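If you're wondering where the values come from, they're calculated on a predicted model, not measured in any experiment. Residue numbers begin at 1 in each chain, while the letters A, B, ... track the order of the sequences. FYI, side chains are in, hydrogens and waters are out, and symmetry mates aren't considered; it's all heavy atoms of this structure.
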There are 2 protein chains.
Amino acid sequence: MSALSGDTRLPRYQRLAEALRQEVVERRWKPGDRLPSENDIAALYGVATGTARQALVQLVKEGLLKREHGRGTFVRRPNFDQSLFRFFRFWAKDGVRSVPESRILRRVMAAPPGHVARSLRIEDGGGAINMSRLRLIDGEPVVAEEIWLPLDLMEKFLDVAEADIGPLLYPVYDEVCGQTVARAEESLTVESSAPETARLLRLEAGAPIIVIDRLARGYDDTPLEWRRSRGAADRFHYHTEIR
Amino acid sequence: MSALSGDTRLPRYQRLAEALRQEVVERRWKPGDRLPSENDIAALYGVATGTARQALVQLVKEGLLKREHGRGTFVRRPNFDQSLFRFFRFWAKDGVRSVPESRILRRVMAAPPGHVARSLRIEDGGGAINMSRLRLIDGEPVVAEEIWLPLDLMEKFLDVAEADIGPLLYPVYDEVCGQTVARAEESLTVESSAPETARLLRLEAGAPIIVIDRLARGYDDTPLEWRRSRGAADRFHYHTEIR
DNA sequence: AAGTGGTCTAGACCACATA
DNA sequence: ATGTGGTCTAGACCACTTG
């Protein structure tokens, strides 16, 4: 039986949640792994099953775990259905969400601009990988992306053959660099398209463009990727419920 | 002791939640009212306190109730901090969110366009109130609004003196028409400004514009207001977290 | 001091998934 | 049949707010 660590003034279920969170952060439990059952966790940490349950439910709410009745509790594989991209109309074709084809236009080592360096916590003089990518559906360009990676964590990504890079980058980061993207922050703004972007996306210059900036982080909050994506605004439609 | 109604195959806490929800929908409990304590509710409906608690927690999660340690459980007053408007930069001035001044340009009875009539569930030939409103900060126009109300529920709104209509409409709907706005759906798109909108907002024609459509509903889901708002896109900035 | 919600226990029984 | 999570009980004690 492990002891619960941390501030003893905190509720047990919160201290237990923190202990379980650490198991994931420190990669002892990986995405897809099954956790011990409620009763086992309760016994292991010396709390009642109801208390263990409360901790598990909280971690589900946070998006770290997933529970399946009769099967068990699992470390959730982050997926990015919540990404603002899902609100581009072309993304969902015939009701089914499709991953667009992707074409890498550039992949080089480079010095990141100041705001990217700050976001990725790159020290002065620290290096980065810069990538330019175009995403297409039925051969038609729909999103242009500019991507920056911190060189120290992602260096091996430079060695990957282009043929081995599919339309999804995060599984590659995971397999090649051992870095799991656990969450991200996104922000959305609108601009009038610059000539170069307009050419890439085959729009007239000045057409409204949605700009989505994303900072992806690991389980321990380490910044792993900075990405700026641009798409035609007339194909964007966001819907939400408020109370 | 009341009996729990509804499908007996459903869990008790869900049937209890539904019963409590009805108390709010049917206006026996109004926003701001305090509910009986956990123990009283448990005794009233013949369940264990833990079960009553589970129902209450669910209703808090849904946004219907609010609990305060040591004080009690209350019917929440809906507020619209989650509105997409909050992502217009001018909305928050010096960190404090301000309600902009508002100027009503038009308020008349009119036949609603088809999509508005459908949203507001107005029958063929049913009437509506149409309003045009401009919202300003420091005398500068920032958002132009087009508003439609169903005549049968909101007729009395036509009689209110313009001086008695402040910058917030929902309290007026509540006091004058007895209709409480409990929630809303919003959707966001982008367009190039038409000449008339550009003139109202003092922009050059064709400048990118954020369009937010909102459908506001009562506790029983009755549509109460349809609203389309337009603001300059260069002042819009949306931020979100994804997992 | 009394009343409220928040935490916690030590179980029982049920519904679901899997071998 | 076994093991999992989901529901439920009947309390106890604690932390917070208010009269």
Quiz item: Rounded to whole angstrom units, what separation is found between the CG atom of B:N39 and the P atom of C:dG5?
Solution: 8 Å

Exercise. Just compare C:dG11, D:dT9, D:dT4 and give me whichever is closest to any side-chain atom of A:S37.
Key: D:dT4

Exercise. Side chain of B:R53 only, please: which of C:dT7, D:dT17, C:dT4 is the nearest?
Key: C:dT7

Quiz prompt | Interatomic distance, A:I41 CD1 vs D:dG6 P [rounded to whole Å] | solution = 12 Å

Exercise. Give a yes or no on whether a salt bridge exists between A:E23 and A:R28, defined as a side-chain N under 4.0 angstrom from a carboxylate O.
Key: yes

Exercise. Name the closest nucleotide to the B:A48 side chain, picking from D:dA10, C:dA10, D:dT7.
Key: D:dA10

Practice problem: Counting heavy atoms from C-beta on, name the nucleotide in D:dT17, C:dT7, D:dT7 closest to the side chain of B:R71. | Solution: D:dT17

Quiz item: Distance check: side-chain N/O of A:T73 vs OP1/OP2 of D:dG5, anything under 4.0 Å?
Solution: yes

Quiz item: Can you name the closest pair of heavy atoms from A:C177 and A:K156 and give their distance?
Solution: SG-CB, 4.5 Å

Quiz item: Atom CD of B:E38 and atom C1' of D:dC14: how far apart are they, to the nearest Å?
Solution: 13 Å

Quiz item: Taking the inter-plane angle between the rings of B:Y173 and B:Y170 on a 0 to 90° scale, is it parallel (under 30°), tilted (30 to 60°) or perpendicular (over 60°)?
Solution: tilted

Exercise. Taking only the side-chain nitrogens and oxygens of B:R67, find out if one of them lies under 4.0 Å from OP1 or OP2 of C:dG6.
Key: yes

Quiz prompt | Which nucleotide in C:dT7, D:dC8, C:dG5 has an atom nearest any side-chain atom of A:Y13 | solution = C:dT7

Quiz prompt | Selected nucleotide, minimal atom distance to A:T51 side chain, candidates C:dT7, D:dG6, C:dT9 | solution = C:dT9

Quiz item: Do A:Q22 and A:E18 meet the criterion of a side-chain donor-acceptor pair at a distance under 3.5 Å?
Solution: yes

Self-check item: Pairwise 5' ranking along DNA chain C for A:G70 and A:R12, keeping only the more 5' one
Solution: A:R12

Per-pair distances, 0.1 Å, donor-acceptor, side chain in residues 56-67 of chain B, under 3.5 Å, sequence neighbours excluded:
unit_1, atom_1, unit_2, atom_2, d
B:Q58, NE2, B:E62, OE2, 3.2
B:E62, OE1, B:R21, NE, 3.2
B:E62, OE1, B:R21, NH2, 3.3
B:E62, OE2, B:R21, NH2, 2.9
B:R67, NE, B:T73, OG1, 3.1
B:R67, NH1, B:E38, OE2, 3.3
B:R67, NH2, B:E38, OE2, 3.0

Self-check item: Rounded distance (Å) that lies between atom P of D:dG19 and atom CZ of B:R34
Solution: 10 Å

Practice problem: Please state how far atom CG in A:L56 lies from atom P in C:dC8, giving the value in whole angstrom units. | Solution: 14 Å

Quiz item: Does the side-chain ring of B:H69 sit on the six-membered ring of the C:dG6 base, less than 5.5 Å centre to centre and under 30° in tilt?
Solution: no

Quiz prompt | Side-chain ion pair, A:R235 and A:E140, N-O less than 4.0 Å | solution = yes

Quiz prompt | Five-pair end axes of the helix from C:dA1-D:dT18 to C:dT18-D:dA1 and the angle they enclose, rounded to 10° | solution = 10°

Exercise. Report yes if the side chains of A:P78 and A:Y219 come closer than 4.5 Å at any heavy-atom pair, otherwise no.
Key: yes

Quiz item: Rounded to whole angstroms, how far apart are CG on B:D40 and P on C:dA2?
Solution: 17 Å

Quiz item: Expressed in angstrom and rounded to an integer, what is the separation of B:F74 atom CZ from C:dG3 atom C1'?
Solution: 12 Å

Self-check item: Rounded distance (Å) that lies between atom P of C:dG5 and atom NZ of B:K66
Solution: 13 Å

Quiz item: Is it true that the side chains of A:S229 and A:R135 contain a donor and an acceptor less than 3.5 Å apart?
Solution: no

